[in-house]
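Worksheet: the structure to be examined is printed underneath.
All chains are named by letter (A, B, ...) in the order of the sequence lines, taking the proteins before the strands, and each is independently numbered beginning at 1. Values below: every heavy atom of this structure, side chains too, minus hydrogens, waters and symmetry copies.
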Number of protein chains: 2
Amino acid sequence: MTKKLTEAEALEGLTITAGPFPASRKVYTSGSVHPDLRVPHREITLSDTLEFGGGMTRKAVNVPLRVYDTGGPYTDAAFSPDLHAGLPVVRDWLARALTVEQLQRSSSSFSRSVQNQAAFGFMHLRPPLRARSGQNVSQMHAACKGIITPEMEYVAIRENLRQDAAFEERQQHRGMGFPGLPAAQIPNAVTPEFVRAEVARGRAVIPANINHPELEPMIIGRNFLTKVNANIGNSAVTSSVAEEVEKMVWATRWGADTVMDLSTGKYIHQTREWILRNSAVPIGTVPIYQALEKVNGVAEELTWELYRDTLIEQAEQGVDYFTIHAGVRLAHLPLTVRRRTGIVSRGGSILAKWCLAHHQENFLYTRFEEICEIMAAYDVTFSLGDGLRPGSLEDANDAAQFAELDTLGELTQLAWKHDVQTMIEGPGHVPLHLLQENMQRQLEVCHEAPFYTLGPLTTDIAPAYDHITSAIGAAVIGWMGTAMLCYVTPKEHLGLPDRDDVRDGVIAYKLAAHAADLAKGIPGAQARDNAISKARFEFRWEDQFNLALDPERARAYHDATLPAEAAKTAHFCSMCGPQFCSMKISHELRSETVMAGLEAKAQEFRNSGSALYHPSPAPTEVNP
Amino acid sequence: MTKKLTEAEALEGLTITAGPFPASRKVYTSGSVHPDLRVPHREITLSDTLEFGGGMTRKAVNVPLRVYDTGGPYTDAAFSPDLHAGLPVVRDWLARALTVEQLQRSSSSFSRSVQNQAAFGFMHLRPPLRARSGQNVSQMHAACKGIITPEMEYVAIRENLRQDAAFEERQQHRGMGFPGLPAAQIPNAVTPEFVRAEVARGRAVIPANINHPELEPMIIGRNFLTKVNANIGNSAVTSSVAEEVEKMVWATRWGADTVMDLSTGKYIHQTREWILRNSAVPIGTVPIYQALEKVNGVAEELTWELYRDTLIEQAEQGVDYFTIHAGVRLAHLPLTVRRRTGIVSRGGSILAKWCLAHHQENFLYTRFEEICEIMAAYDVTFSLGDGLRPGSLEDANDAAQFAELDTLGELTQLAWKHDVQTMIEGPGHVPLHLLQENMQRQLEVCHEAPFYTLGPLTTDIAPAYDHITSAIGAAVIGWMGTAMLCYVTPKEHLGLPDRDDVRDGVIAYKLAAHAADLAKGIPGAQARDNAISKARFEFRWEDQFNLALDPERARAYHDATLPAEAAKTAHFCSMCGPQFCSMKISHELRSETVMAGLEAKAQEFRNSGSALYHPSPAPTEVNP
C-alpha cells in the first residue's frame with residue numbers, strides 16, 4: 001500500500017514562513033522547581049509617547065508588552081529552521097525518566113513495515129519511548145501523586161500574563177461568569193501547584209506525548225487562557241505533505257495552540273511524522289481515519305486489532321491527543337434517523353456504519369479500558385469525539401447528541417480511573433440561545449473535564465463566512481467555560497482550506513478566545529487591549545500595527561489608502577481625514593488651558609445641582 | 001464654496017451591480033388595508049430532491065423559499081436602473097396627503113444657493129414637501145391617533161417570514177431571552193395593528209421622510225427582525241460621488257437595511273442627493289458633519305442658525321434619520337478626561353470642542369425641542385448619538401458613557417412628547433460580559449426606544465478583523481434586544497472601506513443579526529437554515545449556494561478546488577473527499593435494509609434496559 005516517498009518529494013514546493021514578528025523578540029523565563037526550563041514569550045517593543053505642549057516635547061517611555069506565543073522556535077530570530085532535522089528537543093528530561101523505556105523499534109507492525117520499506121520521508125527517527133510495564137507516565141498520574149512535573153511548571157510560567165507594575169488592577173474590568181452558569185475559578189497568578197491541582201482534578205489537560213520531545217507544553221482547562229485548535233490535513237482530492245507541514249507552521253505562527261492533522265489521503269503516516277518532528281505545539285489526530293485507509297475505505301472491515309496497531313503506531317510517533325468516538329453507541333443510532341443532517345462527524349459515521357454492518361456495539365466503547373492502557377503508556381490525551389454532534393441548527397441539542405454526551409461523561413470517569421487525561425469534544429451547529437444547555441450539561445455529566453468545541457456555528461446560512469458565524473458561538477461558549485475552540489475556516493462546507501483560509505480561521509478564533517478571556521477576567525488579559533488603544537489614541541501607528549493579532553494585514557489595510565511613511569505618524573487616517581479625527585480633537589481638548597477652564601466649568605455645574613433639560617428661552621419657529 | 005459638478009463628473013467610473021440573485025425572483029404582495037401596496041420579497045427557487053432506492057429514482061419537490069429583501073428594484077429582473085432619473089416612486093400617497101404642502105423651493109438658504117448656482121449633479125429635483133403649519137406628519141403621530149398608515153401595513157407584510165405549511169412549529173427552536181434581561185414580545189404573525197401599537201409605544205420606528213418617496217418602508221424595533229446599517233461616505237482624503245452611490249446600491253444588495261451617508265469631504269449635498277434619489281432604503285446622516293464643512297472645519301464657529309439650516313436642507317432632500325449628539329453635555333466632559341481614548345465619536349468631539357470654546361451648554365441640547373419640531377415636519381427620525389461612547393475596552397461602561405445615556409433617555413421622552421420617532425445609538429468597544437449592563441440600562445432609561453449599536457467590538461486587538469470582533473458583540477447584543485446593528489468593516493481604525501470591505505462588513509452583520517433572530521425565536525427565521533441544511537445533506541450544491549447569504553462567494557470557494565460541473569451534484573466535496581464524506585455515509589445508513597435492522601437492534605437495546613459500559617471479556621495486553 002505504501003509507496004516510496006523521498007525526502008525531496010515530501011518537501012516539494014515547501015516555503016516555511018519563519019522569523020520574528022515586527023518589533024518583537026522571544027524572551028525566555030527559567031523555572032523555580034525546574035531551573036533548566038526556558039519558557040518562551042513574545043515581547044513587543046513600543047515606541048515612546050511624545051507629548052507636545054508649552055513649546056516643549058516630552059517623552060514618556062512605554063514598557064514592552066509580553067504576550068503568549070505559540071510560534072515555537074520559528075519566531076525566534078536566533079533560530080534557523082531545518083525541517084529535515086526537525087526541531088530541537090525541549091523536553092530533554094523525558095528520555096531520562098525512570099518510568100520510561102526506550103524501544104528498539106516500533107511496537108506497531110504497520111510502522112515497522114513502512115520503515116522497513118525505506119519508504120519514509122523523514123530520515124532522523126528516534127527510537128520510541130514507552131512506559132515501563134506497570135508504569136503510568138501521564139501528567140494526570142503524576143499530578144495525583146502530588147508531583148509537579150516540568151510540564152506543569154512550564155505551563156504555569158507560560159500562562160501568566162500579569163506582569164509587574166504594568167498591570168494594575170484598575171486597568172482591567174473584573175470578569176463575570178455567564179449568567180446562570182457556574183463561574184470559573186481563575187487564580188490571581190498561575191502557580192505550578194495550581195496547575196498540578198487542576199490536572200489532578202481532571203479540570204485541565206497538558207497534552208504531551210512522551211514521544212513528542214519537541215513540544216512546548218501548554219494547558220487546556222476552563223481556568224486558563226482559552227485555546228484555539230487549527231485543523232489541517234490533506235484529503236484524497238487535494239494537498240501534499242509539504243503543504244501540510246507548511247500549514248502547521250503557518251497556523252501556529254498566527255496563534256494556533258494545537259493542530260489536528262486530519263489527513264485522509266495518501267502518506268498519512270509520513271505526513272504526520274514530518275509534522276510532529278517540526279511542531280512545537282501538541283498534535284491531535286483521529287486514528288480511525290488512518291485505520292479506514294488501511295482497509296481501503298471499507299468501514300465494515302475495521303477490526304480492533306487493526307485499530308489498536310494504529311493507536312500504537314501513532315502514539316509512538318508522538319501524537320499528543322487522539323479523537324476517539326467511543327460514544328457512538330449502537331443504541332444511539334436510531335436517534336439520528338429523523339435528523340435534518342444525520343451524522344456529520346466523519347469518525348462518527350464510519351463507526352455507525354461498522355456498528356450497523358456487524359450489529360455489534362462500537363468496539364471503541366467495548367475496548368475502552370484497553371485504549372486507556374495505551375494512552376497511559378505514552379501519555380496520549382483523550383479527546384472524546386462527538387460523533388453525533390448536530391450538523392444543522394435543527395439537530396442542535398437533540399436526543400442523539402445528549403445521549404452521546406452522557407456516554408462521554410461515563411467514559412471520562414473510566415479514563416480518570418486510569419489517570420488518563422481527557423477532554424470532551426462538542427458541537428457543531430447550535431443557535432446562540434442553546435449554547436448554555438450544552439455547556440451546563442457538559443459541566444455536569446463530564447465533571448468539568450475540558451470542553452473542546454467546533455465553533456459552534458450559530459447559523460447555517462453563511463457558507464464562505466463560517467469562520468465568522470462560528471467565531472460568534474466560539475466566543476460565547478468560551479465565556480461560558482469551554483477550554484479550547486476548534487477553528488472553522490471560510491472554506492467550511494465547501495472545500496479544503498488553503499494557506500489564506502488557515503490564517504483567516506486562526507485569527508478569527510484568536511480574537512474569539514480573547515473575547516472570552518476578557519469576559520472571564522483572566523488577569524492581565526486586557527493589557528494588550530490597553531496597549532493598542534493607547535497607541536491608537538497617541539497616533540503611534542507602528543505600535544498599533546505591531547500590537548495587532550495580524551500586524552501585516554493591519555499595516556497593509558492602512559497603507560492601502562495612505563502608503564506614505566509620513567502617514568505612520570500622522571494624527572489622522574483616511575477613514576475620517578484630518579479635519580474630522582475625533583481623537584485629534586480629544587487631544588486638543590486635553591490641552592492645559594482647556595483643562596483649567598473645564599475644571600472650573602465642572603465646578604459650576606456641580607454647584608448648580610443636577611438639573612437636566614433647560615430649553616433655550618425663545619425658540620424660533622419651524623414653519624416660518 | 002460649492003464648485004460646479006456636472007452629471008458626467010458625478011457619475012464618472014460608476015458601475016452599478018444590479019440584477020437578481022441566482023435562482024431568485026422578486027415577488028410582490030399587496031395589502032389589505034392599503035390594497036395598492038406592492039411589498040417585495042425575494043423568492044429562491046430550489047431543485048427537486050432525488051432519492052435513489054430499490055432501483056428507482058423518486059422526486060420530491062422543494063417549495064421555493066421566500067426571504068426578506070433589501071435590494072430594492074435593483075434586484076428585480078424587470079427593472080432597468082437609470083441613476084439619472086432616480087428610482088420610481090413607491091410612496092405615491094405622500095404628495096396627496098392633506099397634512100402636507102408642496103413648497104415652491106427649498107426652505108434652506110444653503111440648498112437654494114447650491115441649486116441657484118446650477119452646480120448640482122442630479123437634475124430631476126422634486127419640489128420639497130413639508131407638514132402644513134400645525135401638522136405633524138410622523139408615523140408615531142399617526143400611530144398614536146390609531147391610524148394604520150400604508151408604511152405600517154407595508155412593514156407588517158415585509159416582516160412576516162412564516163409562510164404557510166412550510167414553517168411548522170417543530171422546525172424551529174423556541175426562542176429565549178438573554179438570561180437576566182426582559183424577553184422580547186414577538187408575535188406569532190406581524191399584523192399592521194401590531195406595527196401601529198409598537199410605533200405608538202415608541203418601541204419601534206419606521207424611518208421614512210416624506211421627501212423620500214422612493215423608500216421601501218422598513219421597521220426597527222426589538223420585536224422585529226434585527227436590522228443592519230452600513231456606513232458609507234467619502235472623506236477629505238479619498239472617494240468620489242460615484243463611488244458612494246455605487247457603495248449604497250452594493251451595500252443594500254448584500255443586505256443593508258439602512259445606509260448612513262457619513263461624507264465629510266467635497267460635494268456633501270450633491271452626493272447625498274444622488275444617494276437619496278437612488279435609494280430604496282432609509283438614509284441616515286450626521287448633520288453636524290456638513291455644518292462643520294460650512295464653517296471650514298472650525299468647530300467654534302458653528303451656530304444654531306447654521307445647523308438649523310442644515311437640518312432643513314437635509315430634511316427637504318429626504319434624509320430619513322439624523323444622528324444628533326444632543327447628549328454631549330458640558331457637564332459630562334470632565335468625565336472623559338481620564339479615559340484611555342477620550343472622545344472617539346466625530347460628532348461628539350466636535351460638539352465637545354464647541355462647548356468648551358464657548359463655555360456653553362451644547363446647543364443641540366438647549367434647542368432640542370426646536371429640533372423636534374423640524375423632525376415632526378418631515379418625519380425625520382431621531383438617532384440620538386452616543387458622542388461619549390467608549391473607544392476602547394477600558395473606557396466601556398464608564399461614568400461618561402452612562403451619564404450621556406441618562407440624558408438620551410430624558411431626550412427620548414421630550415421627542416415622544418412631540419410624537420417624533422426616536423432611536424438610541426450605543427457603543428462602541430465593550431467586552432462581552434459588560435454588554436448586558438448596556439442593554440439593561442438602555443431599556444430602562446430610554447423606555448425601550450430602539451437601541452442601535454456600533455458593533456460592539458469585544459476586543460481592541462484585531463484591527464483588520466474588526467468586522468469579526470464586532471460581529472460577536474453585535475450578535476450577542478442583538479439577542480439581548482438591540483434593534484439595529486451598525487456594521488464595522490475590516491478597515492475600521494485603519495482607513496476608508498472600499499467595495500470589498502462593504503460586502504465583508506454587511507455579510508458579517510447579516511449573519512450576526514440572523515444569529516440574534518434565531519435566538520429571539522422570530523417565527524420563520526430558521527426556515528432558511530433548514531432549507532440550506534437540507535440542500536447540504538442532499539448534495540444539492542446549487543441550492544446550497546443559492547440559499548447562502550453570499551451565493552457568489554460560496555460557489556467560488558467550492559469551485560476553487562472542484563470547478564467541474566459534475567462536482568455540483570457529487571456526493572462529496574474537496575474537504576473530505578469521496579471516501580470520508582459523513583453525509584454520504586449517513587445516507588447509506590438510511591437505506592431501507594439498514595433501517596429495518598436498526599429498528600430491530602434498537603428494540604433489543606430497549607429490552608436490555610439502559611445498562612451502559614460493558615467491557616469486552618478478555619482485554620489484550622498493552623505492553624506485550
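- Between chain A and the residues B:S345, B:G347, B:P431, the most heavy-atom pairs under 4.5 angstrom are made by B:S345.
- In this structure, the portion of B:L434 lying under 4.5 Å from any heavy atom of chain A is its side chain and not its backbone.
- Both the backbone and the side chain of B:T459 come within contact range of chain A, judged by heavy atoms closer than 4.5 Å.
- Under the rule for a side chain to side chain donor-acceptor pair (under 3.5 Å), the partners of A:D529 that lie at least two apart in sequence or sit in another chain are A:H514.
- Put simply, the side chain of A:H433 does not reach to within 4.5 Å of the side chain of B:R174, judged on heavy atoms.
- Closest non-hydrogen pair, B:G495 versus A:T561, comes out as CA-OG1, 4.2 Å.
- Between B:W479 and A:F178, the ring planes lie parallel to each other; the angle is under 30°, not in the 30° to 60° tilted range.
- For A:Y465 and B:Y557, the ring centers are positioned 6.0 Å apart or more.
- In terms of heavy atoms, A:A462 sits closest to B:L511 at CB-CD2, 3.7 Å.
- For the pair B:P179/A:Q436, a side-chain contact is recorded, criterion being any heavy-atom separation below 4.5 Å from C-beta on.
- Contact count against chain A (heavy-atom pairs under 4.5 Å) is highest for B:I461 among B:I472, B:I532, B:I461.
- B:A396 approaches A:H173 most closely through the heavy-atom pair O-CE1, 3.5 Å.
- Between chain A and the options B:A560, B:P490, B:G177, the largest number of non-hydrogen pairs under 4.5 Å is found for B:P490.
- Under the 4.5 Å side-chain criterion, counting only non-hydrogen atoms from C-beta, B:L393 is in contact with A:L518.
- Neither the backbone nor the side chain of B:A531 comes within contact range of chain A, judged by heavy atoms closer than 4.5 Å.
- Within the 4.5 angstrom heavy-atom criterion, only side-chain atoms of B:F545, from C-beta onward, approach chain A.
- Between A:H493 and B:Q544 the shortest side-chain heavy-atom distance falls below 4.5 Å.
- For the options B:D395, B:D498, B:V344, heavy-atom pairs under 4.5 Å to chain A are most numerous at B:V344.
- Nearest heavy atoms, A:I468 versus B:A508: CD1-CB, 4.0 Å.
- At a threshold of 4.5 Å between non-hydrogen side-chain atoms, the residues B:R340 and A:Q171 count as touching.
- Nearest heavy-atom pair across A:A475 and B:L432 is O-CD1, 3.8 Å.
- With sequence neighbours excluded, the residues that form a side chain to side chain donor-acceptor pair (under 3.5 Å) with A:D504 are A:R553.
- Only one option out of B:H558, B:R555, B:R536 pairs with A:P463 in a side chain to side chain contact (heavy atoms under 4.5 Å, CB included); it is B:R536.
- Heavy-atom pairs under 4.5 Å with chain A peak, among B:T469, B:L549, B:N530, at B:N530.
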